[in-house]
Amino acid sequence: MENKEYNFRGSKMNGFVALLVILAITALSIGFIVQDAYNAFNIVMFVVGLLVAFIMLFGLMTLEPNEAKVMVFFGKYRGTFTHEGFWWVNPFFTKKSVSLRARNLNADAIKVNDKTGNPIMIGLVLVWKLKDTYKALFEIDSQTMAGATSAGVATVGSRMNAFESFVRVQADAALRQVAGHYAYDTNGEGDEVTLRSGADEINEFLKQTINERLAIAGIETVEARINYLAYAPEIAAVMLRRQQADAIISAREKIVDGAVGMVKMALDKLADEQVVELDDERKAAMVSNLLVVLCADEQAQPVVNTGSLYN
């Protein structure tokens, strides 16, 4: 999209110099009326001088760092003023103030369906700022969304709140889109990127998706991150039991694997050191007893056999 923003090219004057000029014009006007209050020419000069000084006052403006004023002359865009300090410009310019500072948005968690169709709750936090003032003010209907004060002029605060509302809606739509591209979790099956495991990749994809949606408004996403992720309440309990079952199965596999290794080591040790000779039946009984001891959830109670091993 074509970049229509450009720096203000009109004439400007230091605000303090302009203020001295206004005071001088005011003093000169008063001088005319003091010199001869009944002279028609002096009266006209007095009125004209005060009127000029009064109109010139509307050209004074201050600009803080990371702020900008979009200059409009009778409906025509005349550039964006970004020079910080105290300045005077043509008082007939309409000056629309905007902030270029970074702003934070902590979006509430929303319910969406992941790639597998499971309902999940997901939320995000993002940092954004204005990048193109022309698009922000004239490509979207931000001025109507901003409303107006009692004087009929939208303030910088209301205008930025309108931008934030636009960002919130687009961020919500982007979050739904991104969540639908990934599964919540694979439960250990495969190495697919999921919402739980692929934080960096998903955050980058989320940032890119939001930027694409905000480009029309001249808004840039500095950072976007998922800050809340959980199953929806209606399936949370079921999924928790599933996760617990997966964890139990995984733990059991590890226990059995270790127990088999320990039994094999015990049998090999007995055979190598010739402590006792066991036939296949005795080995099977010993393996069974060791596996029960090693894999049991509760502590096994030993039974002492005082009889002969072969009786």
Side-chain angles (χ1 to χ4, degrees), residues 1-15 18 55-107 124-175 206-224:
M1 187 178 293
E2 181 184 357
N3 184 12
K4 298 180 181 179
E5 183 190 46
Y6 58 86
N7 291 328
F8 177 67
R9 301 167 186 169
S11 59
K12 60 181 183 294
M13 183 189 305
N14 184 282
I55 293 175
M56 287 184 67
L57 285 174
F58 291 95
L60 295 172
M61 65 179 187
T62 58
L63 204 62
E64 297 180 1
N66 284 324
E67 286 188 349
K69 290 186 181 293
V70 178
M71 314 300 284
V72 180
F73 187 70
F74 292 102
K76 188 172 183 179
Y77 173 67
R78 289 297 188 180
T80 301
F81 194 97
T82 56
H83 301 283
E84 59 189 69
F86 185 38
W87 298 94
W88 181 89
V89 296
N90 187 333
F92 293 102
F93 277 114
T94 300
K95 299 174 279 292
K96 300 179 181 293
S97 300
V98 292
S99 173
L100 304 180
R101 300 178 180 125
R103 297 171 71 91
N104 188 60
L105 174 65
N106 187 11
L124 65 79
V125 58
L126 63 88
V127 180
W128 63 275
K129 64 179 181 179
L130 285 187
K131 184 179 180 181
D132 189 317
T133 57
Y134 181 91
K135 292 180 180 178
L137 283 175
F138 304 119
E139 295 290 349
I140 62 173
D141 195 12
S142 59
Q143 300 183 72
T144 302
M145 292 189 296
T149 62
S150 58
V153 180
T155 63
V156 60
S158 62
R159 192 171 287 120
M160 296 309 296
N161 288 337
F163 294 145
E164 183 170 321
S165 298
F166 184 85
V167 172
R168 187 182 299 275
V169 172
Q170 297 303 320
D172 182 281
L175 184 59
L206 178 62
K207 176 182 174 181
Q208 178 183 348
T209 305
I210 296 176
N211 272 330
E212 291 174 355
R213 291 176 172 271
L214 298 182
I216 188 176
I219 299 174
E220 176 187 24
T221 303
V222 179
E223 183 182 16

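Keep in mind the model is a prediction, meaning the values are calculated, not measured.
Contact detail for Leu130 and Ser99: the closest heavy-atom pair is CD1-O, 3.6 Å. Here the closest non-hydrogen pair linking Phe8 and Met71 is CD1-CG, 3.6 Å. Across Ser11 and Val89, no two heavy atoms sit closer than the pair O-CG1, 4.0 Å. Residues Leu124 and Ala171 come closest through the heavy atom pair CD2-O, 3.9 Å.
The CG atom of Leu214 sits 9.0 Å away from atom CD1 of Ile140, with the distance rounded to the nearest 0.5 Å. Atom NE2 in His83 sits 10.5 Å away from atom OG1 in Thr80 (nearest 0.5 Å). For the atom pair CG (Asn14) and CH2 (Trp88), the distance works out to 12.5 Å, reported to the nearest 0.5 Å. Between atom NZ of residue Lys131 and atom OG1 of residue Thr221 there is a gap of 10.5 Å, rounded to the nearest 0.5 Å. The CG atom of Asn161 lies 15.5 Å from the CZ atom of Phe166; values are rounded to the nearest 0.5 Å.
Remark: Arg213 pairs with Gln177 by the side chain to side chain donor-acceptor pair (under 3.5 Å) rule, at least two apart or across chains. Among residues two or more places apart in sequence or in another chain, the side chain to side chain contact (heavy atoms under 4.5 Å, CB included) test is passed with Leu105 by Leu126, Trp128, Glu164, Val167, Arg168. Under the side chain to side chain donor-acceptor pair (under 3.5 Å) criterion, Glu223 pairs with Arg225, not counting sequence neighbours. With sequence neighbours excluded, the residues that form a side chain to side chain contact (heavy atoms under 4.5 Å, CB included) with Phe73 are Arg78, Asn90, Phe92, Phe93.
In this structure, Tyr6 has its ring center at least 6.0 angstrom away from the ring center of Tyr134.
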As a quick check of understanding, evaluate side chain to side chain contact (heavy atoms under 4.5 Å, CB included) for Phe81 and Lys12, giving each step before the final call. CA-CA 10 Å; Phe81 194 97; Lys12 60 181 183 294; 3.5 Å; yes

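Pairs of residues two or more places apart, or lying in two chains, never qualify as salt bridge (Lys or Arg N to Asp or Glu O under 4.0 Å) while including a residue from residues 79-92.
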Which pairs would a plain distance check flag for residues 58-70, meaning a side-chain donor or acceptor within less than 3.5 Å of a matching protein atom at least two apart in sequence or in another chain?
from, atom 1, to, atom 2, distance (Å)
Glu64, OE1, Arg101, NH2, 3.2
Lys69, NZ, Ser97, OG, 2.6

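Other residues, nucleotides and ligands contribute more than 12 heavy atoms inside 6.0 Å of the NZ atom of Lys95.
Judged by distance alone, the side chain of Lys129 and the main-chain N or O of Glu220 form no donor-acceptor pair under 3.5 Å. Of the possible polar contacts, none joining the Glu139 side chain to the Ile216 backbone as a donor-acceptor pair under 3.5 Å is found.
Using a 4.5 Å cut-off on side-chain heavy atoms (C-beta onward), Lys96 and Thr133 make no contact.
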